[in-house]
Every structure is written in structure tokens, then in C-alpha cells.
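Structure record follows, encoded as C-alpha cells.
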Amino acid sequence: MGSKLGFLLSLIFLVQVLAYSGDMYSLQVIHADLDAVALQAGYQISRSNGLTKEIETFVFDSAKAQIKALSTEAYFGAEYRFVVYKDYSPMIVSSQPMVVSVTREAILGYQQ
């Protein structure tokens with residue numbers, strides 16, 4: 001009887017660990033996806049000298065995320081800071097939705 005009860009109690013902890021691991025994996029996948037999209041968006045921002053509607057559409061279509069400019073300066077050679085972010089509803093890490101974000105910089109007018 002005691003071993004069966006112990007087994008049932010250990011299953012409760014196992015489910016919590018699996019949910020936590022699932023949250024960590026999901027956060028890592030979302031962050032990697034946002035990082036890749038932010039890299040491409042930074043290249044496009046550099047070529048177009050600022051944030052445009054086409055870049056916002058690209059970010060939303062690629063990662064279902066939003067992009068927001070943090071810099072107000074938009075002249076040739078300026079460092080243009082922006083953030084790409086997405087909401088995530090975790091299973092066990094938090095009881096409220098989380099915002100996963102990636103902040104990057106692009107130099108306006110720099111083309112490779």
C-alpha cells in the first residue's frame with residue numbers, strides 16, 4: 001500500500017517537471033525564432049533606413065510577433081534600436097501570460 005501511494009505522489013511531481021520542461025523548451029524555441037526574425041528585420045531596417053509597414057508585416061507573417069522601434073533617430077549611420085516581441089501563455093512557469101522579446105540594433109544605411 002505504501003509503495004502504491006508513493007508511486008502516485010511521484011507521478012504528481014513527474015507531471016510538474018514535464019510541464020516545466022515543456023515551458024522551457026517552448027520559450028527556447030520562441031526565442032530562437034524571434035532571434036532569427038530580428039536578424040532579418042535588422043538587415044531590412046538597415047536597407048530601408050527605418051521601420052516600415054513591410055517589415056512589420058514580414059515579422060508578423062514569419063513569427064506571429066510584433067516589432068517596435070526603440071530609437072527615434074533615423075539618419076544615415078545612426079544606430080537604430082528595435083525590439084521583436086511575442087506573447088506566450090505558459091503551462092506552469094507563470095500564471096499570467098509572458099512576453100518573450102529580442103532587442104537588436106541596426107546601423108541605418110549600412111549594406112553588405
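Owing to the predicted nature of the structure, the values given are computational and were not obtained by experimental measurement. In what follows, every heavy atom counts, from backbone to side chain, and hydrogens, waters and symmetry copies are set aside.
- When hydrophobic clusters are built by joining Ile, Leu, Val, Met, Phe, Trp and Tyr residues whose side-chain heavy atoms come closer than 4.5 Å, directly or via intermediates, I67 is not grouped with L70.
- Between T52 atom OG1 and Q44 atom CD the span is 7.5 Å, to the nearest 0.5 Å.
- V59 and V100 end up in the same hydrophobic cluster when Ile, Leu, Val, Met, Phe, Trp and Tyr side chains are linked at under 4.5 Å.
- Contact between S89 and P97 at its shortest, heavy atoms only, is OG-CB, 4.3 Å.
- Within the 4.5 Å cutoff, side-chain heavy atoms of I92 are placed close to those of Q16.
- Taking each heavy atom of A63 and L34 in turn, the nearest pair found is CB-CD2, 4.2 Å.
- Q66 places none of its side-chain heavy atoms less than 4.5 Å from the side chain of D87.
- Hydrophobic cluster membership is shared by M98 and V37, with clusters built from Ile, Leu, Val, Met, Phe, Trp and Tyr side chains linked at under 4.5 angstrom.
- Criterion: ILVMFWY side-chain heavy atoms under 4.5 Å apart, direct or through other members. Under it, F7 and L18 are part of a common hydrophobic cluster.
- Shown here for S48 and I55, the closest heavy-atom pair between the two residues is OG-CD1, 3.6 Å.
- No side-chain heavy atom of L39 sits less than 4.5 Å from a side-chain heavy atom of R104.
- Contact record, A65 with V84: CB-CG1, 4.0 Å, taken as the closest heavy-atom pair.
- Atom CG in L9 sits 14.5 Å away from atom NZ in K4 (nearest 0.5 Å).
- No chain of hydrophobic side-chain contacts below 4.5 Å, direct or via other Ile, Leu, Val, Met, Phe, Trp or Tyr residues, connects Y85 to F60.
- Using a 4.5 Å heavy-atom threshold, the side chains of I45 and F82 count as touching.
- The minimum heavy-atom distance between Y80 and A69, with the atom names listed, is OH-CB, 3.1 Å.
- Here the CZ-CD distance, from F58 to Q40, works out to 4.5 Å after rounding to the nearest 0.5 Å.
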